[in-house]
Amino acid sequence: MPDDAAHPTLFETRLDKLAALAVRVGLNLRPGQEVVMTAPVEALPLVRRIAAHAYQAGATLVTPLIGDDEVALARYRHAGDDAFDTAPGWLFEGMAAAFRGGAARLAVVGEDPTLLAGQDPAKVARANRARSIAYRPALELITSFAINWNLVPASTPGWAREVFPGLPEHEAVAKLWDAIFMACRVDQDDPVAGWAAHNATLHARTKFLNQKDYAELRYRGPGTDLVIGLADGHLWAGGAEPAKNGITCNPNIPTEEVFTTPHKLRVEGTVRSTKPLAYQGTLIDEIQVRFEGGRIVEAHASRGENVLHKVLETDEGAARLGEVALVPHSSPISASGLLFRNTLFDENAASHIALGQAYTTCLRDSAGVPMEVLAERGANASLIHIDWMIGSGEIDIDGVTKTGAVEPLMRNGEFVGA
């Protein structure tokens, strides 16, 4: 595509709008902040625009950390066995130090969902575990919302081929960009205003749910008969929220969800996934699990089952829930009819749950409270946090009050009254 600054193409205009949105709405970057940014190498055109907008907003330093699929695959093809128990702890300690010093976190995502599908599941699991352990210092600052952070997508060849498998690569990449621009609302004349209106809708929904203060949610649908108890003193959140550093940001672009913290011991029944889970280069499809006492005691998948089992064995909290989120089936991402095979998108096409670490900010009066105390209220702790989709147009959800009254909350995947 031509690069003429005086006459930008529609694509270039929208790419620039996406970059500006990531900085102005996603991070809501403040003058004097640093930005630590991770991205795939194919996303460099977006990365460069984000850096420009960040500096225009007053950033003192933008540090990009670039990943490459071929480098990742080289490890599995050529490295010795002990390499898969190694992770760059020095890097994640450095990221955590930057966050503690006031830096914002921005991740450009666009991974190939099947990158590691042909690799040894045991090595994939070991590498993921090593990375999770090393990443923990930085992850805790993100999940506790200590900093303003944002995830934003970029179309890449590996991802685009999975979403549009029948098209030539350049056409698939272009169509995925179009879908990204739509989902992120940058196809609008004023995306910032569009996001303000969308955040107002999400905030109205969280206000409704917080007033209800349900004790549990009950799910019914094909393959699903599930009760999720909610943590004591839970709070619903969604859209733009204030981080503990005082900056209101939109962590996910796009987002359609409202979410809260389940009680790690109060989940019972069976649930079936409604979309595949793309996890660290492996696609896990048709997940079916059974919970007892809050823990997954039986788990199956038609594809990627070995990786699923390894994930659940990461630590004690990996087989318990850390998040429950509600998304209407009519969300723009769902209405697109596309299966994105990317959690940032697919979690915003369907109600979902997350294995692992809880977002402790979804608990009242949690600031400065030790995790051991929050655990007594139901918050789960784990090295992982993995969202997977359980909602569809065939799922009904009831809210159960603390007095035991049962109220319809969602019918056929749509909110009732919220």
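What you see below is based on every heavy atom in this structure, not just the backbone, and it leaves out hydrogens, waters and symmetry mates.
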Pair E42-T156, side-chain donor/acceptor within less than 3.5 Å: no
Criterion side chain to side chain contact (heavy atoms under 4.5 Å, CB included) against N380, the qualifying member of H385, H263, K264, M371: K264
Whether over 12 other heavy atoms sit under 6.0 Å from K175 NZ: no
Trace of the salt bridge (Lys or Arg N to Asp or Glu O under 4.0 Å) decision for D225 with R290: CA-CA 9 Å; D225 187 355; R290 180 167 61 87; over 6 Å; no
Any donor-acceptor pair under 3.5 Å from S331 side chain to N348 backbone: yes
Residue pair P328 / E414: nearest heavy atoms and the distance that separates them: CB-OE1, 3.5 Å
Donor-acceptor contact present, side-chain R377 to main-chain R364, <3.5 Å: yes
Steps toward side chain to side chain donor-acceptor pair (under 3.5 Å) verdict (D285, S302): CA-CA 6 Å; D285 201 3; S302 65; 4.6 Å; no
Non-hydrogen side-chain atoms of Y219 and L409 separated by less than 4.5 Å: no
Whether W236 and H234 hold their rings parallel, tilted or perpendicular, with breakpoints at 30° and 60°: perpendicular
Geometric class of the W177/F11 ring pair [parallel <30°, tilted 30-60°, perpendicular >60°]: perpendicular
Student check: side-chain heavy atoms of R24 and V192 closer than 4.5 Å: yes
Residue pair E70, R77: steps toward the salt bridge (Lys or Arg N to Asp or Glu O under 4.0 Å) verdict: CA-CA 10 Å; E70 286 302 315; R77 291 167 177 162; 3.4 Å; yes
Any donor-acceptor N or O pair under 3.5 Å, side chains H53, D16: yes
Verdict with supporting geometry, N250 and E241, side chain to side chain donor-acceptor pair (under 3.5 Å): CA-CA 7 Å; N250 266 95; E241 297 285 347; over 6 Å; no
Rounded distance [0.5 Å steps], CG in L10 versus CZ in F181: 8.0 Å
Over 12 non-hydrogen atoms of neighbours within 6.0 angstrom of NZ in K310: no
